[in-house]
Each structure stands twice: as structure tokens, then as C-alpha cells.
Amino acid sequence: MSAVVLAALGASAAQAAPTTTVPYIKVDQFGYLTGMNKVAIVVDPQVGYNAAEAFSPGVAANQYQVRRWADDVVVLSGTLLPWKAGATHAQSGDRGWHFDFSALTTAGAYYVYDTVNKVGSGRFEIGPNVYDAVLKQAMRTYYYQRLNTPKVLPYAEAKWTDTAAFEGLSQDRHATSRFAKGNAATVRDLSGGWMDAGDTNKYTTFAQSAVLQLLDAYRMNPRVFGDNFGIPESGNGVPDVLDEVKWELEFLKRMQNATGTGGLFLKVGVDGTARETTPLSADTSPRYYLPECTSSTLAGSAMFAAASVTYKGLASQAAYAADLLTRAEAAWVRAKATTFGFTTYQTQCDDLDIRAGDADVDAGGQLDSALLAAIALYEATGKAEYRTFVEANYTRGQPYRSSAWWWSPYSSTNQVALLRYAGLAGVSATVATDIRSKKSSQDITLSLDDFNAGTDLYRAHISDNEFNWGHNLIRANAASNNLDFVTVNLNTAKAAQYRNVAEQHLHWLHGANPLGLVMLSNMGAYGAESSINEIYHSWFSDGSVWDNARTSAKGPAPGYLVGGPNPNYSGSVAGISNQPRQKAYKDWNTSWPENSWEISEPAIYSQAAYVHLLARLMVPTTPDTVPPTAPGKLAVVSALGTSAVLKWNASTDNVGVTGYDLHRGTTLLAANLRGTTTTLTNLNCATLYALTLRARDAAGNASAASNTLTFTTAACPTANTLVYGDALGAGWSDWSWATVRDYANTTPVRIGARSLKAGYASWGGLSLRHATGIPVSATSTVRFWAYSPVTTPLQIYAQTSDDSTDVTPRFVTLPARVWTEVVVTRSQLGNPNLLKRLTIQLYSAAATTVYLDEIRITR
């Protein structure tokens, strides 16, 4: 440990401020929240573009100080600790020392001073609000990314005003199909939304992680998102982050409306390579769209569903949330049909006639979107279909698909969704435990193991392979992955360490890196001594008045996160790819053949990852110890045999309620419920329940319990006719075709001792005939349990006579490797009055085996 001496403020003799600040003393250029660990990295370059430079710091006792900026008073002294006994850090090409001044918690402006060389760092702040302006500017980049709306005072700063872009007769409000350019019959209004990155195209699939991470950031720490970020919607009573997300959601709604099917269009943009026209309003290029694709439909369902849950938590947004949920379910139904029950995905929809990004998603990525959608839909509705889908498929999606034991920063949104799912009501205890146990073992993944081993001189370890195109997104996600342990209360004894790891990645992004660069554009007015000056962006392009923050008349707008160091850079500029990984960067924005976009281009998803991280770390210095008020009037709206709908009066809080926890005695039934209603599923028939509800805020304070609600679920429906139990029921005979049947199968079995094994050939049918026919009523259902090793499409239909052909099939898809209860109502079978034959047919040419159990007809 370094020897740290805290001087009484004002007690030490003032010394002259240094005439020189040096880039060798690295700090977070914005500063530190009061309770953060604070460590300056002092370096002597050895390899890379600055290898000829040298710095020999004062290493004797107490030769490093923290001084107050206003008057040079020394407030802390300490001793440098060498990193790895003076070794050179391969990723940065530097050797160095650490100066820990975490003991300083008094708010103020400071700098680090080397008493031997009489040089210092730049200014930084300590206090509870040091990142407020940074978060605001990072969020305001989304306003500048908006299309089809003017950027005007006072919402846009004077340097970045512009009239609305892409408003021409052949542009976004009148876009035509890429496959019928200019054809009036294909015109669609696809206005609004954010331009994706530096180019002006708009992508449904690429928006997914941006929308989800912004929503998650709000859900995890709503108190940092005010209604005062200076956008046109500021002051409307809705946090501006949700207003900004709504701008994108409105565009996505148009992408869904345009199809007429419930699916979503894939992409909107110009043909050929994206233009570099500045300002954006000067671009008169016609705009075209790519039609519906399974990938965009699934991404749309995921975004609409997650947003419906979030907006439902605001009373003023209840109707909006309900519309989003309707849209999410419509997209789900459409995707289920177009993917043939999530078995076949379209992966070649984007022919790159509209460049630059390829909006296609591979089959695995589309399954991930389906899982994201199903998790959010289950949270929103409690419907068994979505729970069944998740539990049948979660190990086939990310992060499990890559490795159950390495939950990487490439799948952060999936991880957050799975961890949230593990806390929902009705989830299989086995699945919830599996998810949480896999996460609990992730200290090996860019986390505590590397941090405690001191792997990185800059205290923010990222493996070599993660330095590539878009590195800063991966870094932000790696940091947030550490915070996930804290959010879901895993490995609680290490909570402070996980937070420390995440903080160090933030400091790296804020200038405590080998480049000494804040990885956000033009942040000099907000506390950065050295921030990004140029970004690859159509508006702020090379040679324009928006070219460079220091040398051009206007420079780029503040707050854009760039891609970051990329040793795999393939452009024509020398001296980048041969640098140590953390130095593989150039601050410039020139186009082909220099390809600066590989390094300096921003993107809405990178921006969201950064906002997500920053917001989660902005914990107030003064702890919030005030719990919410108790929820009122917990009541049951309806209670069936295995489900119930509950409602309650909202709690209030001095900061804000973030969710509700529902308990049965000491057992947690559901966590983090949103809004003031919920649907419980997977209950037991004819069972007495006594439930209480508690509200929670972002600080984890829990309210007192609500009133105790007691109710009894209804008795389960009586099965009047058993078609198959452990044997074929009385009066039933087998009229099947192209199917090998075994009525005495012993494994797997759902109920009793046996199940019916149906070995289906192509389009085979299990068809069972009753001697006299079974009368059915309006409330009748056909019910059975089914299990298949693979995802399997079935059609179920009833016949009123041996030879009737007027049938109404009910299509269902069995998820793989899980028993699924199939329930078909009389209306879904076409309202027959008599059931003479019941057929369960394979709806596929691919032969498979299905196990059936407890086939019943209820009345």
C-alpha cells in the first residue's frame, strides 16, 4: 500500500501552480464521484508512437500530491507504487506507477502534482455531480442523430443547427422499395428515427441493442435521467431518455405499419455507398427501403416488448405501453409464422444495394432476438407460451451458445435479459438457478481475476482479442457485465470489487488511457483537457466547418463515443496497426482509402453501451435511505385454476419507485414488477394464496408490506373424456397414418407410468376415432402434454364424422426438450358440436418423434 498523508485543508503552505502539465499523469479528466476509488496512472512510454518520450517521476516517499486547483493547497501526499516491478505493459507499451488518492473524498477541483519534476496533471473534480453534464451530452448525441426534424435553437446549440434532413418528395416520407425504385405503389412513410452511425441509413436490426440498453439504463438507475436534457420534449413529465427512445420507437412503428403483416421492414437509406453530404439537410438523395425480414421482425418484437414494460411504469404512458405490447405480440406471431415455428430464418435479405452496413443477422442472432422478445413478453403478460419458449431455448442462445462459462461483453443485452428473467414469477426454479449459477462463476471474464492480478497497468483489463472495430463498445459492456453481479445480488461479498472494476473502465474511457484522450468528442467545455477532435460522420465530415473541435469553426457536436483503438485497422494510414493495442488510434476522419470509420466512427449502439455504464455508476454520494411508501389495496382481479390477475395502488418515493416484489409468506414469487398490475401463472388449482407486495427504489430500499391479499384459485377443469392416459381410452381406436405408435412407452413420461410415442414420417398423423363421438360445448377444450427432442410444428384438428373434410386446424410449435401443455379451444377447432376424430399431425416433411401424454377432452 502507498503511504498516504491527508493534510488538513488549508494547513499546508501553498506552492506555485505548475507551469507545465504533462500527459504522463493519467486521471479521469472529468473527475470522480466522492466514494469512488481514485488512482492516477503515471507512465514512462517505452513502445509505440511516443516511445522517444521519457518521464522519470518522483518515486520517493510522499513525492506525489493532490492539490486544490483554486489555491494550490496540498490536501494529500503519497508514494507511487510501481507496476510489476518496472515491467513494460505489452498492450500499452508503457511502464508505470500507481498513485492511490482514494482517501480524498472532499468535494472540489484538484490536480495531481509531481514534486520532483514540478509538473502536474490536468484539472479534475471530486463530487456527487461530476458526470451530470457528461451524461447529458452523451444522451444529446441522439438528438443530433434524429432525421426528418430540424435542429433548432434552443434545443440544438448554435454551432449545430440545421433544417430537417431527407424531407424531399423521394425521401423518407415517400421512400420506395429497393426492388421497385421510384414506383409509387411502393411508397411508404418511413420518417423519423436515428441515423445509425456516421452514415444516414436507418436499420431495424442495428437499433435493437441501442434501444434495449437505453431502456435498461433507465430501469437500473432512473434518478439520473431528468426531464431537462434540452431536447424538444424536455419538461413534458417524461424522462428525456424515454422521450429519445420514443423517437426511435415511432420510426419502428412506421416500419411495422408499412408491412401490413405485423412484421417490420429491415432498412432505409440511399442506394450505393452512403453519402458524405454536410450539413445533412443538403443531401437530396432518394431513399429506399428493404422489405420485411425475419431478423427485423424479431428485433422489432424485442424492442416493442421491452419498451412496453418500461413505459408501463409511468402512469402517463400506460396507453402507449399497451400499444407497444400489442405491436410486440403481433410481430411475435408474424415471426413465428415466417420462421416456421422459429426453425428457419431468412439470413440473406440485405443485398447491400443500400450500403454501408449489412443489416442481416445470422440464425443464432435471430434466436437471440426471439429470446429477448420472449423474456420481455413474458414479463409483460405472464403468458405460458413465452416462458415455455425461453426455457426450451435459452441454452441455445447467447451467452450459452458461445460458452456457458464465458459470458462475454458481446452478449451483454442477452445477459441482462436472462438475469432479469431468473427473477420473474412462475419461472422454473431449475432454469433460474442455472442462469444465476453460470453468472456467479464469471470472475474469469474480464473481471476480478484479471483486476486482482494487476494484469493491466491502466487497471482496466481487456483481452487482446477484444481490441477490434468498435472496441469502446466492448469495453463499456465489459464494465457493465461486472455491475450485473451487483444489480442481481450475486457474490454479494465482492460487490465493491465489481463496482471498482467497472469504474476503472469508465476512467479509461475518460482519459486514463495510454492516449490520454477522453473517448468522447469535443468535451473541452465540460471538463476534458484532451478529448476526441474529429469523428467519422456525414455531418461533421473532413474539410467542413464541423471537421475538428480545435481547428475548425464549429467542430463536431459534443459527447459522441468513437469506436476506439483498433490494431486490425485496414486503411492506408501507416503507424496505426503496428502500435501496441491500446495506442492503435488516430484522431482523424478522412474517408476512403484511409477508412477512418474503422476507428473514429460513432454508432448508436456504442453510445448506448456507454450511457448504460455511466448511468449505472452515477450512484449518489449521499445514500438514499428513504423507503417507498407501502403499496395500497392489493387485490385480485380474477383467479382461474392456474393463474390470477392482481392489481394495487402505486407507491411513492422521494426519488422514484423502480419495481415491486410479490411475496407468499417469506417466498419471493415475483421480483421487479412494473406498473400496478401483474398476471401470475403456474399456480396450483383450488389452492389458498396469501400474498403481500413491497415496493423498491433504485437504492434498494424496500417499503413496508401491503395489505395481505388472500384468495383461492379455481378448481381445475374436470376432464370428461380421457383419450389417452397410460393406455388408449375406452371407445377410442387408432386410425393413424405414416406414424409408428407405441402406447406403452416408458420414457419420457409426463403423467403416470406411460406415454404415447408417435414416430412421425413426413406429414404423418396420429388420428384417434371415437365409436360414437364426443359432444362438445362452448367451454370445451382439447388438452395434452407433448415432448419432442427438436422444435416441432404440429397441426391439430377435429372431424365431426369419419369422412368430414371441413376442418379448422390449430397450428402449434413444440419447443425442443421440454414437456409442453397444448390447449386447444372449441373455437380454435372451428366450433364443432361433436368430436368424432381427433388428429395430431406433423406439419413438416422432416420425420421426427413426439411423445404425448394425458390427452383429454374437457366440457
Side-chain angles (χ1 to χ4, degrees), residues 21-24 26-30 48-50 53 121-124 133-134 136-138 140-141 144-145 151 156-162 197-199 276 278-280 469-473 475-476 507-566 569 571-576 579 582-592 594-603 606-607 610:
T21 60
V22 293
Y24 312 116
K26 317 280 189 176
V27 294
D28 186 313
Q29 294 179 25
F30 301 116
Y49 71 91
N50 57 352
E53 302 173 20
S121 71
R123 169 177 170 156
F124 59 87
V134 183
K136 179 178 179 179
Q137 295 308 315
R140 282 178 54 76
T141 62
Y144 290 119
Q145 291 293 102
K151 313 302 189 306
E157 296 180 54
K159 291 181 179 180
W160 302 290
T161 58
D162 189 19
D199 65 89
E276 291 180 28
T278 185
L280 301 180
W469 195 335
H471 165 79
N472 286 340
L473 179 153
R475 180 176 291 278
H507 302 327
W508 192 99
L509 292 167
H510 287 175
N513 58 56
L515 301 158
L517 271 176
V518 170
M519 290 286 151
L520 302 170
S521 63
N522 202 359
M523 292 297 286
Y526 305 97
E529 286 76 28
S530 179
S531 57
I532 298 297
N533 292 307
E534 299 185 14
I535 63 176
Y536 179 80
H537 196 282
S538 295
W539 185 353
F540 315 121
S541 60
D542 184 40
S544 73
V545 294
W546 297 281
D547 184 359
N548 185 287
R550 292 186 181 273
T551 61
S552 300
K554 298 181 179 181
Y560 278 94
L561 183 79
V562 294
N566 178 12
Y569 165 74
S572 62
V573 176
I576 297 177
Q579 293 291 316
Q582 296 196 33
K583 291 178 180 175
Y585 190 84
K586 178 178 173 64
D587 190 5
W588 96 124
N589 62 359
T590 306
S591 188
W592 186 86
E594 297 189 14
N595 299 1
S596 65
W597 55 75
E598 297 181 21
I599 286 179
S600 67
E601 186 175 18
S606 300
Q607 199 75 20
Y610 171 77

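Residues Phe540 and Ser552 form no side-chain contact, since every pair of their non-hydrogen atoms from C-beta on lies 4.5 Å or further apart. Between Ser606 and Asn472 there is no side-chain heavy-atom pair separated by less than 4.5 Å. Looking only at side-chain heavy atoms (C-beta outward), Tyr585 and Ile532 come within less than 4.5 Å of each other. A heavy-atom distance below 4.5 Å is found between the side chains of Glu276 and Ser591. Using a 4.5 Å heavy-atom cutoff, the side chains of Ser538 and Leu280 are in contact. Counting heavy atoms from C-beta on, the side chains of Trp160 and Lys151 never come closer than 4.5 Å. Within the 4.5 Å cutoff, the side chain of Arg475 has heavy atoms near those of the Leu509 side chain. Between Phe124 and Glu529, every side-chain heavy-atom pair lies at or beyond the 4.5 Å cut-off.
The line from OH of Tyr24 to OG of Ser121 is 14.5 Å long, rounded to the nearest 0.5 Å. Expressed to the nearest 0.5 Å, how far CH2 of Trp508 lies from CG of Leu515 amounts to 6.5 Å. Considering CG of Asn548 and CG of Asp587, their distance stands at 7.0 Å, rounded to 0.5 Å.
Checking side-chain atoms of Thr141 against main-chain N and O of Gly559 turns up no donor-acceptor pair under 3.5 Å. A side-chain donor-acceptor contact under 3.5 Å links Gln29 to the backbone of Gly516. Formation of a donor-acceptor pair under 3.5 Å by the Glu601 side chain with backbone atoms of Ala197 is not found in this model. Between the side chain of Glu534 and the backbone N or O of Asp542, no donor-acceptor pair lies under 3.5 Å. With hydrogens and angles disregarded, no donor-acceptor distance shorter than 3.5 Å links the side chain of Asn595 to the backbone of Glu598. In this structure a side-chain-to-backbone donor-acceptor pair under 3.5 Å is present from Ser600 to Trp588. Formation of a donor-acceptor pair under 3.5 Å by the Asn522 side chain with backbone atoms of Pro556 is found in this model. Formation of a donor-acceptor pair under 3.5 Å by the Asp162 side chain with backbone atoms of Pro279 is not found in this model.
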| request: Decide side-chain hydrogen bond (donor to acceptor under 3.5 Å, both in side chains) for His471 and Gln582; before the verdict, give the C-alpha distance in whole Å, the side-chain angles of both, and the deciding distance to 0.1 Å. | output: CA-CA 10 Å; His471 165 79; Gln582 296 196 33; over 6 Å; no
| Step-by-step side chain to side chain contact (heavy atoms under 4.5 Å, CB included) determination, Trp592 to Trp597 | CA-CA 9 Å; Trp592 186 86; Trp597 55 75; 4.0 Å; yes
| message | Determine whether Tyr144 and Glu157 satisfy the following criterion, side chain to side chain contact (heavy atoms under 4.5 Å, CB included), listing intermediate values before the conclusion. | response | CA-CA 10 Å; Tyr144 290 119; Glu157 296 180 54; 3.9 Å; yes
| task | Take Gln137 and Leu520, measure what side chain to side chain contact (heavy atoms under 4.5 Å, CB included) needs, and give me the verdict at the end. | result | CA-CA 9 Å; Gln137 295 308 315; Leu520 302 170; over 6 Å; no
| field | CA sep, side-chain torsions, deciding dist, call: Asn50, Lys583, side chain to side chain contact (heavy atoms under 4.5 Å, CB included) | value | CA-CA 10 Å; Asn50 57 352; Lys583 291 178 180 175; 2.7 Å; yes
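When Met519, His507, Lys26 are each tested for a side-chain contact (heavy atoms from CB on, under 4.5 Å) with Asn513, only one passes: Met519.
Summarising the geometry of Gly524 relative to Ser531, their closest heavy-atom pair is N-OG, 3.9 Å, with the distance given to 0.1 Å. Closest of all the heavy-atom pairs between Met523 and Pro558 is SD-CB, 4.0 Å. Listed here is the closest heavy atom pair of Asn589 and Ile535: CB-O, 3.3 Å. Of all heavy-atom pairs spanning Lys554 and Trp546, the tightest one is CD-NE1, 3.3 Å.
Looking only at atom types and distance, the side chain of Glu594 has no donor-acceptor partner in the side chain of Tyr569 under 3.5 Å away.
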